[in-house]
Amino acid sequence: MNKQELIDILSDSTKNDWLFKEADRVRRENIGDEVHLRGLIEFSNICKRQCKYCGLRSPNKEVERYRILKDDIIKTAANAVTLGYRTIVLQSGEDDYYDTDKMVEIIRELKKNDIALTLSIGEKTYDEYKAFKSAGADRYLLRIETTDENLYKEMHPHASYENRKRCLYDLKSLGFETGTGCLVGLPNQTIDSLADDILFFKELDADMVGIGPFIPHEQTPLKDSQKGDFWLALKVMALTRINLPDINIPATTAMETLNPNGRIIALNSGANVVMPNVTSTEYRAKYEIYPGKICINDQPEKCRGCIEGKIKSIGRKISKEKGFRKK
Ligand code: 5AD
Ligand code: FES
């Protein structure tokens with residue numbers, strides 16, 4: 001679709017039902033009914049950055065910060081493997097404690113399991129990404145967040161839009177399956193820029209795209225802003241599916257936070273991935289990117305069973321494979 005077509009659909013709520021059905025059909029015809037589960041380990045909530053929307057931003061002194069060290073990351077991953085996960089996602093704030101050497105050690109250890117490994121640890125240099133790749137990491141998630149440069153600047157003090165893009169193109173060129181995505185409902189975000197976001201996913205040839213509604217966090221400068229709209233986020237996701245038919249698209253946790261059935265609705269509107277949390281319960285509440293995050297009191301076993309039940313209830317099945325993009 002061209003930009004005008006994207007804008008027309010995004011601005012017209014009478015087309016929603018058609019759009020969600022169409023995205024569901026495109027998903028089924030291109031990649032089938034299997035849902036890939038990714039076990040998410042939130043291993044550090046320490047972050048040097050100041051993204052205005054994020055509860056983990058460095059100026060937030062009310063967060064109790066934690067780091068999970070190598071041995072416990074390995075144990076958490078082993079448990080996830082026992083639960084049947086074929087992909088582990090390591091996510092953290094931008095925490096310089098985990099330098100290249102430490103990350104490479106962790107990657108090598110985790111890759112002793114028969115799993116795909118995804119990193120989601122922020123902006124790094126080309127050489128760092130290269131070291132992660134050589135150590136065995138398969139995928140990398142880094143949302144562009146918004147392609148509206150002015151909004152990007154406003155939302156990310158002391159950060160550079162150019163560098164974020166550079167990271168994504170470096171990751172692609174190094175052979176990572178590269179995931180990106182955006183927030184929907186940031187203050188002053190326009191429909192026009194959401195259309196640009198989708199065109200950007202296409203231009204990058206993203207292998208995975210995660211889309212979630214913005215949820216204001218009490219301890220951030222955006223605490224009084226309006227929350228994002230669940231249905232608009234779902235529309236951006238559905239349009240992403242239609243325009244990138246074979247990629248992986250998660251039903252995001254933020255969607256479930258705004259709508260108790262959010263992940264199932266997303267799976268029926270183009271999504272084919274879910275990323276349940278496998279972090280041990282003692283840390284979950286502290287990884288508060290936004291409030292109301294689901295499952296903060298649950299054990300990894302519980303989430304696995306819960307999501308499995310939900311997926312089966314809509315007639316889909318859980319993949320036993322690593323779930324690389326099928327081009
Ligand atoms: N609401 C929704 N999503 C958020 N993220 C960060 N802060 C918020 C918020 N307040 C998302 C960002 C980031 C991902 C890990 O979490 O898009 O890339
Ligand atoms: Fe955690 Fe449902 S996914 S309890």
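First listed ligand is number 1; within each ligand, the first listed atom is number 1. All residue numbers in this chain count up from 1 along the given sequence.
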* Structure fact -> Ranked by distance from atom 8 (C) of ligand 1, the top protein heavy atom is Ile289 CG2, 3.5 Å
* Would you check whether Ile215 has a nitrogen or oxygen atom less than 3.5 angstrom from a nitrogen or oxygen atom of ligand 1? => yes
* What are the two closest heavy atoms between Ser269 and Leu234, and how far apart are they? -> OG-CD2, 3.9 Å
* If you count the atoms of ligand 1 from 1 in the order shown, which ones are under 4.0 Å from a heavy atom of Tyr53? -> 6 (C), 7 (N), 8 (C), 9 (C), 10 (N)
* Asked: Between Thr279, Asn277, Leu56, Val63, which is the residue that forms a side-chain contact (heavy atoms from CB on, under 4.5 Å) with Tyr287?
  -> Leu56
* **Polar side chain donor-acceptor pair, Arg316 to Asn272, under 3.5 angstrom** => no
* Asked: So, the side chain of Arg49 versus the backbone of His156: is there a donor-acceptor pair under 3.5 Å, distance only?
  -> no
* **Top protein contact for atom 3 (N) of ligand 1, by heavy-atom distance** => Leu183 CD2, 3.2 Å
* Relative to atom 15 (C) of ligand 1, which among Gln91, Glu42, His217 owns the nearest non-hydrogen atom? -> Gln91
* **Protein contact of atom 14 (C) of ligand 1 - nearest heavy atom, named by residue and atom, plus distance** => Arg143 NH1, 4.0 Å
* Asked: In terms of residue, atom name and distance, what is the protein heavy atom nearest to atom 2 (C) of ligand 1?
  -> Pro213 O, 3.2 Å
* With backbone taken as N, CA, C and O and side chain as the heavy atoms from C-beta onward, which portion of Cys51 lies under 4.0 Å from ligand 1: side chain, backbone, both, or neither? -> neither
* Does Phe176 have Lys133 sitting over its ring (NZ/CZ under 6.0 Å from centre, angle to axis within 45°)? -> yes
* Asked: In this structure, which one of Pro300, Cys303, Pro276 forms a side-chain contact (heavy atoms from CB on, under 4.5 Å) with Cys295?
  -> Cys303
* Run the numbers for me: atoms of ligand 1, each under 4.0 Å from some heavy atom of Cys54, listed by number. => 7 (N)
* Asked: Got the closest protein heavy atom to atom 18 (O) of ligand 1, with its distance?
  -> Glu145 OE2, 2.6 Å
* **Heavy-atom pair with the smallest gap, counting every atom of Ile68 and Ile73** => O-CD1, 3.4 Å
